[in-house]
Amino acid sequence: MVNIAYRIREVDGRDDEFADVLTELRRLSFFSGASIPQFDGGHWWLAFREATPVAFAGVVPSTHVRNAGYLCRVGVLQRHWGHRLQLRLMRAVEARARRNGWSCLVSDTSGNIVSANNFVRAGYRMFAPSHPWAFPDTLYWRKSLTCAPPSHSTYSKTR
């Protein structure tokens with residue numbers, strides 16, 4: 001099997017050239033199934049195979065969960081599936097969210113089993129938001145970014 005190298009980098013969605021690339025990747029990876037996000041807000045990444053962009057991700061401040069980022073898009077061109085690009089992009093988003101000081105990330109999926117399984121692989125848990133923001137069949141995901149204290153003592157209980 002040939003090892004294909006991919007490079008991921010954060011880009012400025014306000015830059016017209018990057019916004020055009022993000023728009024085209026969204027079109028090619030989601031077809032007509034997802035609205036075009038506002039690339040001039042939040043943080044955006046591109047994954048490259050050599051000089052060609054083949055995947056993207058974006059995160060914006062959540063409007064539904066306090067002190068959280070909303071992972072609004074992760075798209076990978078079909079011919080590049082199977083190289084863990086979605087997971088790698090999700091890790092890049094998580095690192096940015098931690099630097100932003102957010103306590104968690106939230107997202108949602110509807111009818112996308114591959115993405116749902118990747119959320120599980122990346123450590124996300126399903127949750128029921130108090131005010132659901134999407135479709136009735138949407139699955140909602142959350143991942144805590146803060147370290148929880150250990151659930152057991154590290155001190156010996158013997159005297």
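For the numbers below, each heavy atom of this structure counts, side chains included, while hydrogens, waters and symmetry mates do not.
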- Task: Supply the atom-to-atom distance Y124 OH to W141 CH2, rounded to the nearest 0.5 angstrom.
- Result: 11.0 Å

- Message: Quick one, L46 and I8 - any side-chain contact, counting heavy atoms below 4.5 Å?
- Response: no

- Between S144 and C104, what is the shortest heavy-atom contact and its length? CA-CB, 4.0 Å

Got a list of side-chain donor-acceptor pairs under 3.5 Å for residues 87-98, not counting sequence neighbours?
{"unit_1": "R88", "atom_1": "NH2", "unit_2": "Y6", "atom_2": "O", "d": "3.3"}
{"unit_1": "E94", "atom_1": "OE1", "unit_2": "K143", "atom_2": "NZ", "d": "3.0"}
{"unit_1": "E94", "atom_1": "OE2", "unit_2": "K143", "atom_2": "NZ", "d": "3.3"}
{"unit_1": "R96", "atom_1": "NH2", "unit_2": "E10", "atom_2": "OE1", "d": "3.2"}

- Not counting sequence neighbours, which residues clear salt bridge (charged side-chain N to carboxylate O under 4.0 Å, His left out) with R142? List them please. none

- Query: Between R26 and T23, is a side chain to side chain contact (heavy atoms under 4.5 Å, CB included) present by the stated rule, with each step listed?
  - Reply: CA-CA 5 Å; R26 196 248 10 129; T23 299; 5.6 Å; no

- Item | Remaining members of hydrophobic cluster (4.5 Å side-chain criterion), F135 | none

- Task: Show the numbers, then the answer: is there a ring pair (Phe, Tyr, Trp, His ring centres under 6.0 Å) between F39 and W44?
- Result: CA-CA 8 Å; F39 296 120; W44 295 92; 4.8 Å; yes

- Tell me, please, which residues at least two apart from S110 pass side-chain hydrogen bond (donor to acceptor under 3.5 Å, both in side chains). T138

- Item | Test side chain to side chain contact (heavy atoms under 4.5 Å, CB included) applied to S115 - qualifying residues, sequence neighbours left out | Q86, T109, N112

Which atom pairs, donor and acceptor, lie under 3.5 Å between side-chain atoms of residues 54-67 and protein residues at least two apart or in another chain?
{"unit_1": "S62", "atom_1": "OG", "unit_2": "H64", "atom_2": "N", "d": "3.0"}
{"unit_1": "S62", "atom_1": "OG", "unit_2": "V65", "atom_2": "N", "d": "2.9"}

- Task: Give, for atom CG of L85 and atom CZ of R49, the distance between the pair rounded to the nearest 0.5 Å.
- Result: 11.0 Å

- Query: Can you name the residues that form a side chain to side chain contact (heavy atoms under 4.5 Å, CB included) with R7, not counting sequence neighbours?
  - Reply: R9, F48

- Note on the structure: Residue set satisfying ring-ring contact (aromatic ring centres under 6.0 Å, His included) with W102, at least two apart, ordered chain then number -> none

- Task: Mind running side chain to side chain contact (heavy atoms under 4.5 Å, CB included) on V11 and V21 for me, showing each step along the way?
- Result: CA-CA 11 Å; V11 298; V21 171; over 6 Å; no

- Members other than V114 in its cluster, when Ile, Leu, Val, Met, Phe, Trp, Tyr link by side-chain heavy atoms under 4.5 Å? none

- Task: Sequence neighbours left out, what passes salt bridge (charged side-chain N to carboxylate O under 4.0 Å, His left out) with D12? Give chain and number order.
- Result: R14

- Hphob cluster co-occupancy, Y70 + M126, side-chain heavy atoms under 4.5 angstrom: no

- Roughly how far, to the nearest 0.5 Å, is the CZ atom of F127 from the OH atom of Y140? 8.5 Å

- Item | Trace of the side chain to side chain contact (heavy atoms under 4.5 Å, CB included) decision for V106 with L71 | CA-CA 6 Å; V106 296; L71 179 55; over 6 Å; no

- Task: Not counting sequence neighbours, which residues clear side-chain hydrogen bond (donor to acceptor under 3.5 Å, both in side chains) with N100? List them please.
- Result: H43

- Message: Quick check: closest heavy atoms across S29 and G75, and the distance to 0.1 Å?
- Response: OG-CA, 3.7 Å

- Item | side-chain hydrogen bond (donor to acceptor under 3.5 Å, both in side chains) contacts touching residues 125-135 (sequence neighbours left out) | D108-W133

